Amino acid sequence: MKVLKFGGTSVGSPERIRGVVELISDEQPKIVVLSAMSGTTNTLVEISNCLYRNEKQEALHIIQNLEENYYTVISDLFKTEEYTQKSKQFIQTTFTYLRSFINNIFYPLQEKAILAQGEIMSTTLMHYHLEECGIENTLLSTLEYMRIDKDCEPDYFYIQQNLQRELAKPNVKKIIITQGFICRNAYGEIDNLKRGGSDYSAALVGAAIKAEEIQIWTDIDGFHNNDPRVVENTKAIRHLSFDEAAELAYFGAKILHPSSIQPAKKENIPVRLKNTLCPQDEGTLITEDSPIQNIKAVAAKSDITMINIKSTNMLLAHGFLRKVFEIFESWKTPIDMIATSEVAVSLTIDCIKNLDNIVLDLEKYGIINIYRNMAIVCVVGDFTTDKNGVSAQVLAALSEVPLHMISYGGSEHNISVLVKDEDKKKAMIDLSCKLLS
Ligand code: ASP
Ligand code: MG
């Protein structure tokens, strides 16, 4: 069985929904994971922000506009009176529910329930549309099986047990439609896998059923060898390993949610990135191994903060790094890059929510300097034994860009450098021109 995930733009209009139907309506059994129609989750975020601020009129106005958009979609998508009415009723119920928050006190947790409506609507409309076209399918609520634990990590055992139970029920059809992004948390409440999390849902579903393949359908022909928004003439990469793809996704390539590699890698399930606008295109295949190539791709991540800690009296005595790491851990802030010298350590973070508290704690151990607006530029390739002096080539290509940190040796397929955000573009272009062409 395959798992196919379609993103927001792939289900973003009646025409695109019909395009998805063509791709899923063969006889092969499959689980189809859908995002919300593009723009919907952002609008739902806006609605809950208005509700927090108690801006009732504004919230009503946004709800009204979104509801009208859905009626427009329905009148184009459905041909029969029966399914037009069914769908309208469903959308009406959803929007009545959204409006019900307006005259009540708004609790933070309700935001999650509001955000969940996007995927609930897109999957229900797809389910009705397939039925109207005479294509048998089952709409399976992800809330029946997708769950995160107290640390917001997926509960693999629960997901597997519950999904398998749902799939074993009588009358389950070959095509199963389910929601991406949403889940229940450890307390049974509606929650989600964070923005862009539908890819992660598809990977978790794929891992739970030990799928033959996980396909992520988007609007681009795969992972590119550099960021097409920054650099011209980028090319799709045909084959990546799980580790290479994880590095690229984490360090900026927007095509895939970084967490989605892990479940696939765990069960060794191939992931294929495909383009809904050009289905015959081969896309990018991600598997355990991939053809070895010196330098495969470049990705970059902006809004990085560098923290430099100069040890006051300990001169990096043993235990110093542990104390530093513990501070970041206690403030639940992941570290991306690290570089040490005898008397100082520099590291980078991208979440600065707790920066003030982190700095206060770090000041016990040294003098702290903060550098904002930095970017990590990551080069992915085969750096196994630094053959052909490949790391020297990376640094030579960057000879005109001031580097603030260099990280090499952490893994065999990543060299990362830290530059000022304003130098990011030049770094990416220089790497492309000198190493990828
Ligand atoms: N609809 C959610 C979002 O916009 C999840 C996703 O699309 O992956 O973040
Ligand atoms: Mg996405």
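Nothing here was measured: the structure is a model prediction, and the numbers come from that model. When a ligand or atom number is given, it counts from 1 through the structure's own listing order. Along the sequence shown, residues are numbered consecutively beginning with 1.
Pairs of residues two or more places apart, or lying in two chains, never qualify as ring pair (Phe, Tyr, Trp, His ring centres under 6.0 Å) while including a residue from residues 9-45.
The shortest contact between atom 7 (O) of ligand 1 and any protein heavy atom is with Ser35 OG, 3.2 Å. Scanning the protein for heavy atoms near atom 4 (O) of ligand 1, the closest one is Arg195 NH2, 3.0 Å. The protein atom (non-hydrogen) at minimum distance from atom 6 (C) of ligand 1 is Ser198 OG, 3.3 Å.
Close contacts of ligand 1 with Thr41, meaning ligand atoms under 4.0 Å from a residue heavy atom, involve 1 (N), 2 (C), 3 (C), 4 (O).
At least one heavy atom of Gly196 sits closer than 4.0 Å to an atom of ligand 1. Ligand 1 lies within reach of Gly197, whose nearest heavy atom is under 4.0 Å from it.
No side-chain donor-acceptor contact under 3.5 Å links His413 and Asp382.
Contact annotation for Glu119 and ligand 1: only side-chain heavy atoms (C-beta onward) come within less than 4.0 Å of the ligand.
For the salt bridge (Lys or Arg N to Asp or Glu O under 4.0 Å) with Glu282, the qualifying choice from Arg238, Arg272, Lys274 is Arg238, the only one to do so.
Cation-pi geometry between Lys301 and Tyr250 is satisfied (NZ or CZ under 6.0 Å from the ring centre, within 45° of the ring normal). By the 6.0 Å and 45° rule, Lys88 does not stack over the aromatic ring of Tyr83.
Salt bridge present: Lys169 and Glu166 bring a charged side-chain N and a carboxylate O closer than 4.0 Å.
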